[in-house]
Amino acid sequence: MGKEERLEAFEKMLQNVNDRYSDTISKMDKLKAEGKIKSVTYNQLMAEKISLQKIISMYEIYGLIE
């Protein structure tokens, strides 16, 4: 894999992580509005949110995003 391909793959991955993070937050907000913060689904989404936050934080630590 060349540098251009790696950069393109990184950009796709970053976009996917950001999209998934936004989608997760939206789903959590909807459940919260419905009073379902103690549901299994909400807890699973919280775990997903934390995992995605860790990935985003690693990108920031290595200076890959601002």
Side-chain angles (χ1 to χ4, degrees):
M1 179 181 287
K3 286 184 180 183
E4 287 294 319
E5 292 169 325
R6 287 182 69 196
L7 179 58
E8 185 177 327
F10 167 77
E11 292 293 341
K12 284 181 183 179
M13 182 180 171
L14 177 59
Q15 185 63 50
N16 181 269
V17 168
N18 284 328
D19 290 347
R20 286 176 51 201
Y21 184 78
S22 295
D23 184 53
T24 300
I25 296 295
S26 295
K27 289 177 182 177
M28 289 177 72
D29 288 344
K30 183 176 183 257
L31 288 172
K32 190 174 187 179
E34 295 171 359
K36 297 181 179 179
I37 61 171
K38 294 187 178 186
S39 68
V40 172
T41 302
Y42 189 88
N43 288 331
Q44 289 171 335
L45 290 169
M46 179 62 77
E48 178 75 6
K49 177 185 169 191
I50 292 168
S51 295
L52 293 168
Q53 281 177 328
K54 286 181 180 182
I55 294 168
I56 293 168
S57 293
M58 291 297 291
Y59 288 151
E60 290 170 347
I61 288 169
Y62 284 91
L64 298 171
I65 59 174
E66 298 173 359

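The first residue of the sequence shown is numbered 1, and numbering continues consecutively from there.
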* salt bridge (charged side-chain N to carboxylate O under 4.0 Å, His left out) contacts in which one or both residues fall within residues 41-60, not counting sequence neighbours -> Arg20-Glu48
* Provide the full list of salt bridge (charged side-chain N to carboxylate O under 4.0 Å, His left out) pairs with a residue in residues 5-15, sequence neighbours left out, each pair given once. =>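 Counting only pairs at least two positions apart or across chains, the salt bridge (charged side-chain N to carboxylate O under 4.0 Å, His left out) contacts touching residues 5-15 are Glu8-Lys12.
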* Let me see the working for Leu52 and Asn18 under side chain to side chain contact (heavy atoms under 4.5 Å, CB included), right down to the final yes or no. => CA-CA 8 Å; Leu52 293 168; Asn18 284 328; over 6 Å; no
* To do: Could you tell me whether the side chain of Ser22 and the main chain of Asp19 form a donor-acceptor pair under 3.5 Å?
  => no
* Asked: Any ring pair (Phe, Tyr, Trp, His ring centres under 6.0 Å) pairs touching residues 10-66, not counting sequence neighbours?
  ->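 Applying ring pair (Phe, Tyr, Trp, His ring centres under 6.0 Å) to every pair that reaches into residues 10-66, excluding sequence neighbours, yields Phe10-Tyr59.
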Same cluster or not: [X] versus [Y], using hydrophobic residues (I, L, V, M, F, W, Y) connected whenever any side-chain heavy atoms lie under 4.5 Å apart?
{"X": "Ile61", "Y": "Met13", "value": "yes"}
{"X": "Ile50", "Y": "Met28", "value": "yes"}
{"X": "Ile25", "Y": "Leu45", "value": "no"}

[X]: side chain to side chain donor-acceptor pair (under 3.5 Å) partners, not counting sequence neighbours:
{"X": "Asp29", "answer": "none"}
{"X": "Asp23", "answer": "Lys27"}
{"X": "Lys30", "answer": "Glu34"}

* Residue pair Ile37 / Leu31, side-chain heavy-atom distance below 4.5 Å -> no
* In Å and rounded to the nearest 0.5 Å, what is the CD1 to CE distance from Ile55 to Met58? ->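 If I round to the nearest 0.5 Å, the distance is 10.0 Å.
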